[in-house]
There are 2 protein chains.
Amino acid sequence: MATIKDIAEKTGLSPTTVSRVINNHPYVDQSKRIKVQKAMQELSYVPNSSAQRLRGQKTNTVAVIISRIINPFFSHLVDAMGEAATDRGYQLLLCDSRLDAQRELEHLELLKKKQVDGVILASLQNTWKEIEPYTKFGPVITCNEYDKEAEMPMISCDQQYGGYLAVRHLIEQGHTRIAYAGGVNRIQLTYDRLQGYRQAMAEASLPVEDAFIFTGIYGLSDGIQVFDEIRGMEEPPTAIFAGGDEVAAGVIKQAKLHQWRVPEDIAVVGFDNQPLAELVEPGITTIEQPTKVMGIRAMQLMMDMIDHAGPVTYQKETLPLHLVKRGST
Amino acid sequence: MATIKDIAEKTGLSPTTVSRVINNHPYVDQSKRIKVQKAMQELSYVPNSSAQRLRGQKTNTVAVIISRIINPFFSHLVDAMGEAATDRGYQLLLCDSRLDAQRELEHLELLKKKQVDGVILASLQNTWKEIEPYTKFGPVITCNEYDKEAEMPMISCDQQYGGYLAVRHLIEQGHTRIAYAGGVNRIQLTYDRLQGYRQAMAEASLPVEDAFIFTGIYGLSDGIQVFDEIRGMEEPPTAIFAGGDEVAAGVIKQAKLHQWRVPEDIAVVGFDNQPLAELVEPGITTIEQPTKVMGIRAMQLMMDMIDHAGPVTYQKETLPLHLVKRGST
DNA sequence: CTGAAAGCGCTTACAG
DNA sequence: CTGAAAGCGCTTACAG
């Protein structure tokens, strides 16, 4: 493995000069520059990145923490972030927490280790109290998730409004008995969606029945289970707002299995507008999040923070959300 | 940011001793060990990873090259690899080529830069000729994709057999006019699936019509387009083997739109057994790949190669593939 | 335009 | 059991 010293020896120049041509400095004699470039070619020399990082105190890498990459929402978000990073010569280090708070903290250690220049939290398993100590080691921002108490930049969508939009739509379709099936309320984002549900119900003077509120619901199988519970009710809801398209797909799948018609017997609204939303039958009415824009904005903000390195004014940015109507309502 | 020197000063010991306790060396006086640990706590010290990497000539990171993370096949593969890596203290650096050969080569440069200890190619846009020079800078293996000429370890599935299984199944269902819609033949994996198709057809003495062979087909919209072409044919096929579940889903979606019944008017077989295969209606008969096992095996093999660092005997490993029967056939 | 020297933060023989 | 010294491969003032 060739080093800068090898190039220096081969060309009879100093490592300093070689370094200058590597980094495209001006004030290097043209003929020497060419000589160095030729030698680098011949020895297929590439600068050692650990040495550059150690010396430069910069990694050009940002860590992105998500809960799990197999969730299409995250894979699309990461895809957009990665593109934005590459455009400016940054790398993205993918870290999944698998919903484990401890693991999330371990990933934040990357900042202390100087293995990354900054961290984007797209999933949030800890509270601001746990996160805060890390912020003094480098920029930390949130994307998608947020925390009311946190004092860091956050790029997100108005989840309460999303929940409100979904439920208002169901109410407009004439429903009064509406169920909710979402994640865990400890997470702000989930909690807010439920608040949006309550807001729409209150606005229409409709009562909220405890039995219609399902929490800790995430995937397809959860959706199936929720439907089974609904099916067993004396007076079941006629509509359900699910906190994810996969949950919605599970409800629909199971409903059809039991000969319930969608949307006639049960109407369903999902969340995210994932590809599967238009593949299942009927298509899922859903709340679309501007995933791509959100990812790009978050990565750009992060890179700006790193590049300017000044104390960035703490800011929140909220992106619009809208309803996509399909056959399930 | 505390360094090893800070800890040494604070405790009145040498950096050497501090390093010893960081690395859990034996032969450190117990009381001193505790003193150092306390100081590390207080200064919230974490070793600088660039320094460790530079000094140790090891990164504990492996690069995984895929074409695009939003492809569920890859997100599941990466998920499995990531878990296997974490289990042994390795990190996974995700690199997407977006099907661009040049970008793939740039990712291979990570090996020269010593930013990773090895590379797993789960997507392959270059030929062995281009890849080969990189192999002298560290272990490079293939997972999922393969190349007949390449002399590197490869963990993969027998794609020809997969294609054969799919088409034989259609033939057993009584079909004789069978179309194929897959990727680009420049890729060995794709080419082999088509060979499997030909093999099954030949075995049943069925002719292969050129008009029934569609290549360069990848996503949902490609599937829609393929169906539209089929619909316009004088004598259309009665079945189609698609090189991916998304393509299959596109065909089915468009078929239903035009009132063709699936499988009565057109039977469809997909590939990968992705979640969506059981969500669409009818469910997609598909070829299941042991994605998880493949990912874990590849990562383990890579870590073995890195850890033993000896010249690994060049090996190929082929994993089983099987048919999952659903409503689309 | 060019080079010698110092140093980024660590670890590992080596000597005690 | 412990420490001084060298060195991993680079870049950046500094002096010329």
Side-chain angles (χ1 to χ4, degrees), chain A residues 1-37 39-40 43-61 109-117 137-138 309, chain B residues 1-37 39-40 43-61 109-117 137-138 309:
Chain A
M1 197 71 241
T3 71
I4 205 171
K5 219 172 129 200
D6 297 324
I7 307 293
E9 272 164 22
K10 191 177 165 95
T11 55
L13 294 163
S14 72
T16 309
T17 302
V18 175
S19 173
R20 288 203 181 91
V21 352
I22 291 168
N23 295 288
N24 269 312
H25 279 243
Y27 308 129
V28 177
D29 184 87
Q30 197 53 229
S31 73
K32 289 179 183 154
R33 184 184 296 271
I34 289 168
K35 209 158 139 191
V36 169
Q37 283 164 338
M40 296 201 298
L43 301 183
S44 75
Y45 167 80
V46 178
N48 178 305
S49 78
S50 301
Q52 285 184 317
R53 288 175 175 206
L54 176 58
R55 180 56 232 241
Q57 304 287 47
K58 181 139 190 289
T59 65
N60 281 298
T61 303
E109 292 282 323
L110 292 169
L111 210 49
K112 284 198 198 169
K113 275 190 193 160
K114 298 243 175 208
Q115 206 189 313
V116 300
D117 295 333
F137 296 103
Chain B
M1 198 69 239
T3 70
I4 205 170
K5 221 171 127 200
D6 298 324
I7 307 292
E9 274 164 19
K10 190 175 166 97
T11 55
L13 294 163
S14 72
T16 309
T17 302
V18 176
S19 173
R20 286 203 183 92
V21 352
I22 291 169
N23 295 290
N24 269 309
H25 279 244
Y27 307 129
V28 178
D29 183 87
Q30 196 52 228
S31 73
K32 288 178 184 155
R33 185 184 296 272
I34 289 169
K35 208 159 140 192
V36 168
Q37 283 165 339
M40 294 200 299
L43 300 183
S44 76
Y45 168 80
V46 178
N48 178 305
S49 78
S50 301
Q52 284 183 316
R53 288 175 174 206
L54 175 58
R55 181 54 231 244
Q57 303 289 48
K58 180 139 191 289
T59 65
N60 281 297
T61 303
E109 291 282 323
L110 292 170
L111 210 49
K112 284 198 198 170
K113 276 189 190 162
K114 300 242 174 206
Q115 206 188 312
V116 299
D117 295 332
F137 297 102

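What's counted below: heavy atoms across the whole structure, side chains too, no hydrogens, waters or symmetry copies. Protein chains get the first letters and strands the later ones, always in sequence-line order, with residue 1 at the start of each.
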Which part of the nucleic acid, if any, lies within reach of R20(A) when heavy atoms closer than 4.0 Å are counted: base, sugar-phosphate only, or nothing? base
Check whether any side-chain heavy atom of L54(B) sits under 4.5 Å from a side-chain heavy atom of R53(A), and report yes or no. no
What is the distance, to the nearest angstrom, from the NZ atom on K35(A) to the P atom on dC1(C)? 16 Å
When the distance from CG of N23(A) to C1' of dC10(D) is rounded to whole Å, what number comes out? 9 Å
Ranking L13(B) and A51(B) by the position along DNA chain D of their nearest nucleotide, the one closer to 5' is L13(B)
Please determine whether a side-chain nitrogen or oxygen atom of Q57(A) lies at a distance below 4.0 Å from atom OP1 or OP2 of dG9(C). yes
Does T16(A) get its side chain close enough to the base of dA4(C), under 3.5 Å, for a donor-acceptor pair? yes
On DNA chain D, does the nearest nucleotide to Y27(B) precede the nearest nucleotide to S50(A) from the 5' side, or the other way round? Give the residue. Y27(B)
Base, sugar-phosphate, or nothing: which does K114(B) touch, judged by heavy atoms less than 4.0 Å apart? nothing
What distance separates T17(A) OG1 from I4(A) CD1, expressed to the nearest 0.5 Å? 9.5 Å
So which atom in D6(B) and which in M1(B) form the shortest heavy-atom distance, rounded to 0.1 Å? OD2-O, 3.9 Å
From dC8(C), dC10(C), dC1(C), nucleotide with atom closest to L54(A) side chain: dC8(C)
So, does N48(B) get its side chain near the phosphate of dC8(C), meaning an N or O under 4.0 Å from OP1 or OP2? no
Below 4.0 Å: OP1/OP2 of dG9(D) and any side-chain N or O of Q52(A): no
For T17(B), which contact category applies under a 4.0 Å heavy-atom criterion: base, sugar-phosphate, or nothing? sugar-phosphate
Return the value, rounded to whole Å, for the distance between atom NZ of K58(A) and atom P of dT11(D). 14 Å
Map R55(B) and D29(A) onto DNA chain C by nearest heavy atom, then report which one ends up closer to the 5' terminus. D29(A)
Return the value, rounded to whole Å, for the distance between atom CE of M1(B) and atom C1' of dC8(C). 14 Å
Paired with dA4(C): which nucleotide, if any, by Watson-Crick or G-U wobble criteria at under 3.5 Å for both distances? none
Work out how far the C1' atom of dG16(C) is from that of dT12(C), and round it to whole angstrom. 16 Å
How many whole angstroms separate atom CD1 of I34(A) from atom P of dC1(C)? 14 Å
Between dT2(D) (C1') and Q30(B) (CD): distance, integer Å: 16 Å
Watson-Crick/G-U partner (both atom distances under 3.5 Å) of dA13(D): none
Looking only at non-hydrogen atoms, find the nearest pair between D29(B) and S31(B) and report the distance. OD2-OG, 2.6 Å
Hey, is the main chain of S50(A) close enough, under 3.5 Å, to the side chain of N48(A) for a donor-acceptor pair? yes
Heavy-atom donor-acceptor pair, T61(B) side chain to T59(B) backbone, under 3.5 Å: yes
Is there a side-chain contact between T3(B) and the phosphate of dG9(C), meaning an N or O under 4.0 Å from OP1 or OP2? no
Strictly below 4.0 Å: does K5(A) bring a side-chain N or O up to OP1 or OP2 of dG9(D)? no
Measure CD1/I4(A) against P/dT12(D) and give the value in whole Å, please. 11 Å
Counting only side-chain N and O atoms of Y45(A), is one of them less than 4.0 Å from OP1 or OP2 of dC10(D)? yes
Atom pair distance, as rounded to whole Å: CE in M40(A) and P in dC10(D): 11 Å
